[in-house]
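Just so it is clear, the model here is predicted, and its values are computed rather than measured.
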Amino acid sequence: MLERTVTELRQEVVGATPMGSEKNVHFLTSTYYSLELVTLSMYRFICHKMSRFTILPFAILISLGMVLVACSDDSAPTEPDPGEDEVSVDVLGEVVADYNDEGVEGASVAIYDTDNGTPFDEATTDADGSYSLSFTVDEGEEPSHFEVEAEAEGFEAETETMSFTQSATVDLTMEALEMDVVVSGEVLEQLTADPFSGAEVAAYRDGADDPLASTTSETAGTYELSFAVLEPEEPEELKIEAEGNDYTYHTELDFAADLGHEIALGPFAGGFGTDAEPYEIETAEQLQAVEEDLAGAFVQTDDIDASEMANWNDDAGFDPIGYWDDESNDLDDPAHEPFTGAFDGNGHVITDLNIDRPSTEGVGLFAFVSEDGWIEEITLESASITGEEVAGALAGVAAGTSEFHNLASGGSVEGTGGAAGGLIAAALGGAEIHTSHSTANVQAEEGVAGGLAYVIGDNATVHTSFATGEVEAGGDVVGGLLGGIVDDAEVRDSYATSRVIGFGDQVGGLVGLNQGLVRDSYSTGRPTGDEDVGGLIGENHGDIIDAYWDEDASEETTGVGTGDDSGATGLTTSEMTGDAASDNLDGFNFSDTWQVVSGDYPALWWEDL
């Protein structure tokens, strides 16, 4: 009975062993047979010595316990330590470039079994080109050889095969690939767009003194530069330079293997003077060269320090662009040479512009702008402008349908004979000035001066602009913003905080003489003069709509020195500042045009406070 019990248990356990586990079956079978023999031997020995009735239960318990321990579902044969039958391998090294022996960062390095191509491990090189590979193989199954391979963008793949070893240093040198590059195009004479032959053209790496390639343009103006670069050393940009007829050209191009580029060789940094390809201005010399094409389109591409120009032209400084003939006040007189093109300052600054021409009328950066002339985004800092009459920092005369916006001037403007404006001297014939301002101090020795312009007329318009510089004139018609408004011209949504000093009549905090329209505007500066002095307007023969002056700051209780003061309202400083301004300045659009400033007067929408 005991024999059957053990045998049956053995069969049950063996039958529960997973299929295919031959080692387990063999192990269990051997164990069970051993248990049978031991148990039977014990049984027979004990029965021979003692009563079977006394020891039988004890023997059965011992036998069953041994079987249960050996066959428990919760136990398994002891596994050998996985490291005991495996071999560890460590491979390290450095990957370098063939052209400079420096480490190649980011290279992919892998190690393979050369017998069957099985990968063991892979890694990526560090900044110095170093790498480390580690893996294990079963003992007795080591490959005869292994292969280390490195790959990186811009390089030929590099491999090295070695006999198997547990520790190795494998350094790899990678060969850089070459890229063929072609830069081609035409060289054209900038002002005429005619082919430019014989120009020296070269391509450089940024910061390099030696060219990658150079050539001379053909009769048709064509050129081609061919060279090769190593792919890992591919530059982000190429610098292209050209020289000819005392002109120089340079630009930076985004790198590509095949580049087409047209070169404009002339007085400007680039471009052909069209709206699509304006002349590029980046130096004081190029700024002066604008006078070579008065109908061209220009864009300023860098800030310009104009201080070097002070000694030009026998110390007269910059020569104003265009020409205003002081013998004729006829805007259409062909004796005048107006600028009729477009100039985009592109938000850049012109610093220390100096013009010293005390006997010349019509001075400024531009002498005369007319027709469809368009000037925008120019800032003049620390300008020093002196002319006899019609002197302005930006322009002497603006006329026709010319437009000026997003302009700024600072420094000083002087008219030795009178008629001076902080930004533009005279805006006539439909000219428009907007979103502009001047902080320049203005002086006109014989009269007629304004912080922004000395006069606007013939349907000219000033809006959303302001002036803050001191204005002084030795004669009549002086205003913090405008000296005079005549012939249906108008100013709206503008202001002046200027101190206004007149030694004659018609002196106003905002306008000296108004024969047009003033609306939705204010002034805070103090005006002084002989007669016809007003906190807002010196003398008025035009219309005033929703215009205000600060009685406290101006020390003037009279808004209009002489003439109709309807529409002019005096307020205290507290009524014109902070949140109170939106309640008291009727007619002002505080949604789109004006903004409330805490503790200060209202500002225009475009001002960066």
Verify whether one side chain among [X] and [Y] offers a donor that lies under 3.5 Å from an acceptor in the other.
X: Y601; Y: D550; value: yes
X: N540; Y: N514; value: yes
X: E376; Y: W374; value: yes
X: H434; Y: E403; value: yes
X: S409; Y: S438; value: yes

Could you tell me whether [X] atom [atom1] has more than 12 heavy atoms of other residues or ligands within 6.0 Å of it?
X: D330; atom1: CG; result: yes
X: H250; atom1: NE2; result: no
X: D315; atom1: CG; result: yes
X: N329; atom1: CG; result: no
X: D314; atom1: CG; result: no

Distance-minimising heavy-atom pair for [X] and [Y]:
X: V507; Y: V500; answer: CG1-CG1, 3.6 Å
X: W549; Y: T558; answer: CZ2-C, 3.6 Å
X: T573; Y: T577; answer: O-OG1, 2.9 Å
X: V413; Y: A391; answer: CG1-O, 3.5 Å
X: G362; Y: A367; answer: O-CB, 3.4 Å
X: E377; Y: N406; answer: OE2-ND2, 2.8 Å

Keeping [X] on the side-chain end and [Y] on the backbone end, is there a donor-acceptor pair under 3.5 Å?
X: E381; Y: G410; value: no
X: S217; Y: A199; value: yes
X: E371; Y: G373; value: no
X: Q595; Y: E607; value: yes
X: N245; Y: Y247; value: no
X: S494; Y: S465; value: yes
X: D333; Y: S328; value: no
X: S402; Y: A399; value: yes
X: T301; Y: I281; value: yes
X: Y522; Y: P602; value: yes

Using 30° and 60° as the class boundaries, would you call the ring planes of F588 and Y548 parallel, tilted or perpendicular? perpendicular
Evaluate the ring planes of F343 and F366, with Trp represented by its six-membered ring, and classify them as parallel (under 30°), tilted (30 to 60°) or perpendicular (over 60°). perpendicular
Hey, does [Y] have a side-chain heavy atom less than 4.5 Å from the side chain of [X]?
X: N441; Y: E472; result: no
X: L294; Y: E337; result: yes
X: E531; Y: Q506; result: no
X: E241; Y: Y204; result: yes
X: E262; Y: F272; result: yes
X: V491; Y: L481; result: yes
X: N313; Y: R357; result: yes

Test side chain to side chain donor-acceptor pair (under 3.5 Å) on T572 and E575; report intermediate values, then the result. CA-CA 5 Å; T572 64; E575 290 173 328; 3.3 Å; yes
Before giving the answer on side chain to side chain contact (heavy atoms under 4.5 Å, CB included), spell out for D372 and T340 the whole-Å C-alpha distance, their side-chain angles and the decisive distance to 0.1 Å. CA-CA 6 Å; D372 295 324; T340 59; over 6 Å; no
Could you walk me through whether D305 and S307 pass the side chain to side chain donor-acceptor pair (under 3.5 Å) check? CA-CA 6 Å; D305 179 358; S307 59; 2.8 Å; yes
Salt bridge check: are R492 and E490 linked by an N-O gap of less than 4.0 Å? yes
I'd like to know if E470 and R499 make a salt bridge, using a cut-off of under 4.0 Å between side-chain N and carboxylate O. no
Side chain to side chain donor-acceptor pair (under 3.5 Å), that's the test. Do D493 and W594 meet it? Break it down for me. CA-CA 8 Å; D493 295 311; W594 295 91; 3.2 Å; yes
Full working for salt bridge (charged side-chain N to carboxylate O under 4.0 Å, His left out) between E237 and K239: CA-CA 7 Å; E237 293 182 331; K239 183 171 66 173; over 6 Å; no
May I have the step-by-step check of side chain to side chain donor-acceptor pair (under 3.5 Å) for D303 and H348, ending in yes or no? CA-CA 5 Å; D303 293 342; H348 289 292; 3.1 Å; yes
